[in-house]
S.K.: 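Here you go, one structure.
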Amino acid sequence: MKKEMEKSKLSIEVAELYYQLNYSQQEISEHLKISRPTVSRLLQYAREKGYVQIKIANPFVDLQQLEQQLAEKYRLKEACVAFSPASDPATILHYVSIRAAEYLSGLIRNGMSIGISWGSTIYEVAAKLPKMHVKGAEVVQLKGGTSFSHVNTYAWETLMLFGNALQTLPVYFPLPLLFEKAEAMEIVMQDQSIQKIIEKGREAQAAIFTVGAADEEALLFKLGYFTEAEKEKLMEKAVGDVCSRFIDRNGKICDTSIDRRTVSIELAELRKKEWSILVAGGRRKVLPAHTALTAGYANVLITDQHTAKQLLGMEQG
């Protein structure tokens with residue numbers, strides 16, 4: 001009995017040195033003046049007696065559960081949840097964009113056409129795309145990319161990166177995102193070459209885009225397109241934007257006068273895509289992402305576990 005108690009105490013001491021203080025088995029041997037095989041046997045004894053309980057936390061099991069729950073809640077074709085070790089926006093964007101690039105590299109095939117939006121999120125996805133060995137693929141911009149602002153939208157860079165990855169010459173949308181007057185936009189949109197670009201966007205099998213918040217930090221508000229009165233109105237009525245079209249809590253266009261001047265794919269067209277891929281992560285994107293998903297503008301979601309848990313906590317409208 002006494003020997004058993006001494007063995008138990010010694011096994012616990014060895015386990016504490018090994019598991020808590022990160023001693024090597026050789027260091028424990030030297031420290032306690034016992035042989036290395038004895039150290040190994042005592043560690044095994046401590047596990048058998050339950051003095052040491054090893055728990056493996058596998059984050060990927062949790063990710064699979066989140067993916068299933070998101071797909072069920074929003075009736076998605078697929079949900080992909082990236083593991084982000086921290087919840088700050090920069091870290092989330094890094095890992096979500098890696099996951100999105102991996103998803104696209106497995107999705108895009110010969111002859112496929114993909115429509116792309118722009119902004120920092122989609123740029124990060126584009127920057128991580130590997131070169132794909134596909135033939136006849138096409139990349140088309142889904143919204144006007146011309147801007148005279150000093151704030152970078154990454155519209156041109158994103159398009160070129162996608163084109164390089166797919167080894168194709170991309171189709172640029174050479175118009176501003178927002179016209180000053182709807183009448184001017186209507187005239188320009190009648191041009192045959194512009195109509196062809198719009199049609200290519202409609203025909204693309206896949207669309208990849210993000211959502212934006214309608215707050216002071218919104219990229220669209222920094223580009224000089226909106227008056228102060230328009231910004232205030234949008235911040236009051238909109239939860240955010242999908243492909244630069246501002247939506248309310250019901251997923252409807254919140255200001256038709258602004259929307260009539262916006263050069264972007266119609267939101268109804270996103271519902272028709274075989275793959276309508278929303279890439280979004282971070283606290284500011286939870287409400288607009290939830291609204292866009294509830295409205296059915298995306299059938300694939302790529303996000304992180306922090307954002308996924310917040311989305312699952314959102315009530316359906």
Side-chain angles (χ1 to χ4, degrees), residues 115-122 140-156 158 172-191 194-195 197-199 201-202 207-273 276 278-280 284-298 317:
I116 65 168
S117 183
W118 46 252
S120 57
T121 296
I122 306 304
V140 58
Q141 207 166 40
L142 293 177
K143 61 183 185 178
T146 302
S147 171
F148 297 103
S149 169
H150 293 297
V151 178
N152 197 347
T153 64
Y154 301 99
W156 177 252
T158 301
Y172 180 61
F173 209 148
L175 294 178
L177 175 66
L178 198 76
F179 273 77
E180 187 177 353
K181 295 183 179 180
E183 295 79 8
M185 175 177 155
E186 289 170 6
I187 293 170
V188 173
M189 287 300 195
Q190 293 174 15
D191 183 85
I194 298 299
Q195 281 296 314
I197 295 171
I198 294 171
E199 190 59 30
R202 289 197 188 110
I208 180 166
F209 57 95
T210 189
V211 290
D215 57 25
E216 290 287 355
E217 296 301 311
L219 172 63
L220 295 181
F221 291 161
K222 297 177 180 180
L223 298 178
Y225 286 123
F226 300 101
T227 65
E228 287 301 317
E230 286 173 334
K231 283 195 285 187
E232 288 179 12
K233 188 176 182 182
L234 287 170
M235 284 191 286
E236 181 182 340
K237 295 173 63 177
V239 298
D241 76 276
V242 180
C243 286
S244 299
R245 294 191 183 274
F246 285 90
I247 57 173
D248 62 20
R249 286 183 174 270
N250 297 314
K252 306 292 185 183
I253 296 298
C254 71
D255 191 305
T256 54
S257 63
I258 291 176
D259 195 67
R260 284 178 58 225
R261 295 155 45 206
T262 301
V263 180
S264 179
I265 188 170
E266 297 284 344
L267 297 186
E269 293 295 328
L270 294 176
R271 292 192 178 114
K272 301 175 185 177
K273 298 295 182 192
S276 185
L278 170 59
V279 183
R284 291 178 62 245
K285 297 205 173 188
V286 172
L287 179 56
H290 167 73
T291 307
L293 291 165
T294 303
Y297 297 136

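Counting from 1, the numbers follow the sequence of the chain as shown. Quick caveat, the model's predicted, so the values are computed rather than measured.
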S.K.: How would you list all residue pairs meeting ring-ring contact (aromatic ring centres under 6.0 Å, His included) that involve residues 248-269, not counting sequence neighbours?
M.R.: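 Counting only pairs at least two positions apart or across chains, no ring-ring contact (aromatic ring centres under 6.0 Å, His included) contact touches residues 248-269.
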S.K.: Do Phe221 and Glu216 have side chains that get closer than 4.5 Å, going by heavy atoms?
M.R.: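 Not in contact.
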S.K.: Among all residues two or more places apart in sequence or in another chain, which pass the salt bridge (charged side-chain N to carboxylate O under 4.0 Å, His left out) test with Lys237?
M.R.: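 Per chain and number, Lys237 pairs via salt bridge (charged side-chain N to carboxylate O under 4.0 Å, His left out) with no residue.
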S.K.: Just to verify, what does Lys233 make a salt bridge (charged side-chain N to carboxylate O under 4.0 Å, His left out) with, not counting sequence neighbours?
M.R.: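 Only Asp255 meet the salt bridge (charged side-chain N to carboxylate O under 4.0 Å, His left out) criterion with Lys233.
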S.K.: If you take all heavy atoms of Ala298 and Leu293, which pair is closest and at what distance?
M.R.: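 The pair with the smallest heavy-atom distance is CB-CD2, 4.0 Å.
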S.K.: For Thr256, give me all partners under side-chain hydrogen bond (donor to acceptor under 3.5 Å, both in side chains), at least two apart in sequence or on another chain.
M.R.: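 Partners of Thr256 by the side-chain hydrogen bond (donor to acceptor under 3.5 Å, both in side chains) criterion come out as none, since no residue qualifies.
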S.K.: Ignoring hydrogens and angles, write down the donor-acceptor pairs under 3.5 Å from the side chains of residues 175-185, residues two or more places apart or on other chains.
M.R.:
none

S.K.: Only counting residues at least two apart or in another chain, list the ones meeting side-chain hydrogen bond (donor to acceptor under 3.5 Å, both in side chains) with Thr158.
M.R.: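 Per chain and number, Thr158 pairs via side-chain hydrogen bond (donor to acceptor under 3.5 Å, both in side chains) with no residue.
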S.K.: Applying salt bridge (charged side-chain N to carboxylate O under 4.0 Å, His left out), name anything that partners Arg260, two or more places apart in sequence or on another chain.
M.R.: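 Salt bridge (charged side-chain N to carboxylate O under 4.0 Å, His left out) list for Arg260, sorted by chain: Glu186.
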S.K.: How would you list, by chain and number, every residue that makes a ring pair (Phe, Tyr, Trp, His ring centres under 6.0 Å) with Tyr297, sequence neighbours excluded?
M.R.: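 Listed in chain order: nothing, the list is empty.
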S.K.: Are the side chain of Thr210 and the backbone of Val279 linked by a donor-acceptor contact shorter than 3.5 Å?
M.R.: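 Pair found, side chain donor or acceptor close to backbone of Val279.
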S.K.: The criterion is ring pair (Phe, Tyr, Trp, His ring centres under 6.0 Å); which residues satisfy it with Tyr154, sequence neighbours excluded?
M.R.: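 With neighbours one apart ignored, the set is Tyr123.
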S.K.: Has the side chain of Arg245 got a donor or acceptor atom that lies under 3.5 Å from a matching backbone atom of Ser264?
M.R.: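 Yes; judged by distance alone, with no hydrogens or angles, the pair exists.
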S.K.: Just by distance, do the side chain of Gln141 and the backbone of Ile116 share a donor-acceptor pair under 3.5 Å?
M.R.: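 Checked: no pair found.
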S.K.: Heavy atoms, side chains only, cut-off 4.5 Å: are Phe226 and Ile258 in contact?
M.R.: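 Side-chain contact under 4.5 Å: yes.
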S.K.: Below 4.5 Å, heavy atoms only, C-beta onward: do Ser276 and Arg271 meet side chain to side chain?
M.R.: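 Sidechains of Arg271 and Ser276: no contact.
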S.K.: If the condition is ring pair (Phe, Tyr, Trp, His ring centres under 6.0 Å), which residues does Tyr172 pass it with, not counting sequence neighbours?
M.R.: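 Tyr172: ring pair (Phe, Tyr, Trp, His ring centres under 6.0 Å) contacts with Trp156.
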S.K.: Where is the tightest heavy-atom contact between Asp248 and Thr291, given as atom of each residue plus distance?
M.R.: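 Looking at all heavy atoms of both residues, the shortest contact is O-CG2, 3.3 Å.
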S.K.: Report yes if the side chains of Ile247 and Pro288 come closer than 4.5 Å at any heavy-atom pair, otherwise no.
M.R.: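 They are not in side-chain contact.
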S.K.: Listing request: all salt bridge (charged side-chain N to carboxylate O under 4.0 Å, His left out) pairs with a residue in residues 219-231, at least two apart in sequence or in separate chains.
M.R.: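 Sorted pair list: Glu217-Lys222, Glu228-Lys231, Glu230-Arg261.
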S.K.: For Glu232, give me all partners under salt bridge (charged side-chain N to carboxylate O under 4.0 Å, His left out), at least two apart in sequence or on another chain.
M.R.: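 Applying salt bridge (charged side-chain N to carboxylate O under 4.0 Å, His left out) to Glu232 gives none.
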